[in-house]
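Here's the structure we're looking at; comments come further down.
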Amino acid sequence: MLYVFENIRPFNLKAVLDGGQAFRWKEENGRFVGIVKNRFLAVDYSENTLSVEINESSSSKEEDIRFIMDYFDLDRDYLTLEEELTKEYPELKKAIEDGSGNRILHQDPWETLISFIISANNSIPNIKKVIERLCEKYGSPIDYKGKTYYTFPSPDALSNLSEEEISCTRCGFRGKYIIKAAKMVQSGEVDLRKIEKLDTKDAVKELIKIPGVGVKVAGCILLFAYRKYDSFPVDVWIKRAVEEIYFDGCQKNIKEIIDFARKKFGERAGFVQQYLFYYFRGKSI
DNA sequence: TGCCAGGCCTTCC
DNA sequence: GGAAGGCATGGC
C-alpha cells in the first residue's frame, strides 16, 4: 500500500532517519527502508512530497495514515519552527540551515529505551549493527516482497536471556543492562506508559532507575519517544557545540549545559539539540 | 598502538 | 556530592 503526503516541507530524510535518533533505517535505491513496530516501511521524499510504502497488514487505511503522520510528526509546521528559531537565535543560523528538514520522530518507548542503552559510549554505526543482530536473533520475522525483516524484540523475549546468550549481539558490557531493563518492564516494575504523564524532570528520575540509563539516555528517550521537547540530551557532540557557540570554547559540565539550554530554549530545546547534533557531528564525518 | 564513540556504574574521597 | 577509572566493541 502506498501513501502520498503532499506539501510537506521541509523534510530531510537522511537527517531524520540517519541522524542518530532512529537506528533501524537503511538507504536502499535512493529511498529509506525500515521496520517500525510490526510494519515494513519504505520512504521517499522529493518535490515536497513524502511517499510511504507499507506492507499489507490488518490495519485500515485511516490507521495507516494516522500512524505515518504521528511517527513523522507531519502535523507540525517545521518551516515556521525553523524560521522562528533562526530569528530568535541567529547564532544557530548555520546549523539550522544545514539541517533544515530535520524532524523529531515519535518512536516506541520500549525500542527507544533499549536502543539508547546500547548507545552509551558507542558509535552510531556500531549501535545499528548491535540492534540489527538483536532483532534478527530475538525479533519476529516479517516477510515482504521476497525478503525477511525482523521486528524489535519484545520485553518478554529479552527478559529471560542470560548475559552469555545476549553477548552474541556484540553489545558488550551493556548486555546486563538490557536484560535487567527488559525484566523491569516485563514485570511492571517500570511502567513505560506512566512516563508519558510525568513532566520532564520527574520522567528523568523515573527512567534513571533503570540500569544503563543515565541523564543523557533518559533525555533521548523522552525526546524521541515521549515528545518531551524541553528535553536536551547532552552527549559529547552537544557538549562541544554548546561550549563553542555559547561559552567561547570553555569547558562546562553536563549539568551546567542542560540548565543553560533549558533556560535559553525552553519548550524548543529538543529541536535545537537535534539541529546542533546533526551539524556538529556532520562536520567531522 | 592509542583514541574515540549520542555514558553509565562503582569506588573513593 | 563530585572526581576518577573501568568498561566491550569496532573503526580509524
Side-chain angles (χ1 to χ4, degrees), chain A residues 14-25 95 98-99 102-105 107-109 111-134 136-137 161-184 190 200 204-226 228-229 231-244 251-259 261 269-285:
Chain A
K14 195 170 176 59
V16 174
L17 298 179
D18 200 25
Q21 58 174 316
F23 302 102
R24 298 213 60 203
W25 291 92
D98 183 66
N102 207 340
R103 285 165 176 256
I104 294 181
L105 298 167
Q107 301 189 71
D108 176 68
E111 176 173 339
T112 308
L113 164 65
I114 298 302
S115 297
F116 280 91
I117 287 177
I118 292 168
S119 79
N121 201 27
N122 211 342
S123 65
I124 291 178
N126 205 41
I127 296 164
K128 288 183 181 174
K129 288 176 192 164
V130 172
I131 291 174
E132 214 40 51
R133 285 189 284 260
L134 198 66
E136 283 175 14
K137 190 87 182 168
L161 298 178
S162 66
E163 282 187 43
E164 193 185 337
E165 285 171 317
I166 204 170
S167 68
C168 72
T169 64
R170 319 298 292 159
C171 60
F173 63 90
R174 308 164 192 88
K176 53 183 175 292
Y177 304 143
I178 296 170
I179 295 165
K180 180 64 179 164
K183 282 186 198 296
M184 290 172 81
V190 166
T200 299
V204 168
K205 278 187 202 163
E206 196 63 24
L207 283 171
I208 64 176
K209 290 177 182 170
I210 302 168
V213 179
V215 171
K216 191 273 170 180
V217 167
C220 286
I221 298 167
L222 291 173
L223 184 56
F224 302 137
Y226 288 101
K228 306 281 188 192
Y229 300 116
S231 180
F232 192 83
V234 178
D235 71 332
V236 291
W237 300 103
I238 296 298
K239 185 169 183 294
R240 283 174 207 149
V242 173
E243 284 166 353
E244 185 179 319
Q251 300 240 351
K252 297 283 158 188
N253 65 43
I254 305 281
K255 192 179 180 330
E256 285 175 310
I257 292 178
I258 295 174
D259 289 344
F271 298 103
V272 169
Q273 183 274 161
Q274 204 57 7
Y275 291 115
L276 286 178
F277 180 77
Y278 185 74
Y279 181 63
F280 275 77
R281 177 171 174 271
K283 280 202 297 187
S284 72
I285 56 175

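In this text, all values refer to a predicted model and were calculated from it rather than measured experimentally. Chain naming here is simple, since letters A, B, ... match the order of the sequence lines and numbering starts at 1 in each.
- Look at A:Asp235 and A:Arg240 and you find no salt bridge, because none of the NZ, NE, NH1 or NH2 atoms lies under 4.0 Å from a carboxylate O.
- With hydrogens and angles ignored, the 3.5 Å screen pairs a side-chain donor or acceptor of A:Arg174 with a backbone N or O of A:Ile118.
- Taking the six-membered ring for Trp and the full ring otherwise, the centers of A:Phe23 and A:Phe116 sit less than 6.0 Å from each other.
- Relative to the six-membered ring of A:Phe280, A:Lys283 meets both conditions, a distance below 6.0 Å and an angle of at most 45° to the axis.
- Spacing between C:dA3 and B:dA5 at atom C1', rounded to whole Å, works out to 22 Å.
- Listed by residue number, the members of residues 119-130 of chain A with any heavy atom below 4.0 angstrom from DNA chain C are A:Asn121, A:Asn126, A:Lys129.
- Distance from the side chain of A:Arg240 is smallest for B:dA5 among the nucleotides B:dA5, B:dC9, B:dG7.
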Pairing pattern in dot-bracket form [Watson-Crick, G-U; both distances under 3.5 Å; | = partner strand] for DNA chain B | .||||.|||||||

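- Position along DNA chain C of the nearest nucleotide to A:Ser167 versus A:Tyr177 favours A:Tyr177 as the more 5'-ward residue.
- An OP1 or OP2 oxygen of B:dA5 is reached within less than 4.0 angstrom by no side-chain nitrogen or oxygen of A:Arg174.
- No more than 12 heavy-atom neighbours from other residues, nucleotides or ligands sit within 6.0 angstrom of NZ on A:Lys137.
- Using C1' as the reference atom, C:dG10 and B:dC9 are 22 Å apart when rounded to the nearest Å.
- Remark on DNA chain B: of its neighbouring residues A:Ile208 and A:Gln21, the 5'-side contact belongs to A:Gln21, judged by nearest-heavy-atom nucleotide.
- Within the model, atoms NZ of A:Lys183 and CG of A:Leu161 stand 8.5 Å from one another, a figure rounded to the nearest 0.5 Å.
- Remark: P of B:dC8 and CG of A:Asp235 are 10 Å apart, rounded to the nearest angstrom.
- The footprint of chain A on DNA chain C, defined by a heavy-atom cutoff below 4.0 Å, extends from C:dC7 to C:dG11.
- Between A:Gly212 and A:Pro233, it is A:Pro233 whose nearest contact on DNA chain B lies nearer the 5' terminus.
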What do the steps show when you test A:Arg24 against A:Ile131 for side-chain contact (heavy atoms from CB on, under 4.5 Å), and what is the final call?
-> CA-CA 8 Å; A:Arg24 298 213 60 203; A:Ile131 291 174; 4.0 Å; yes

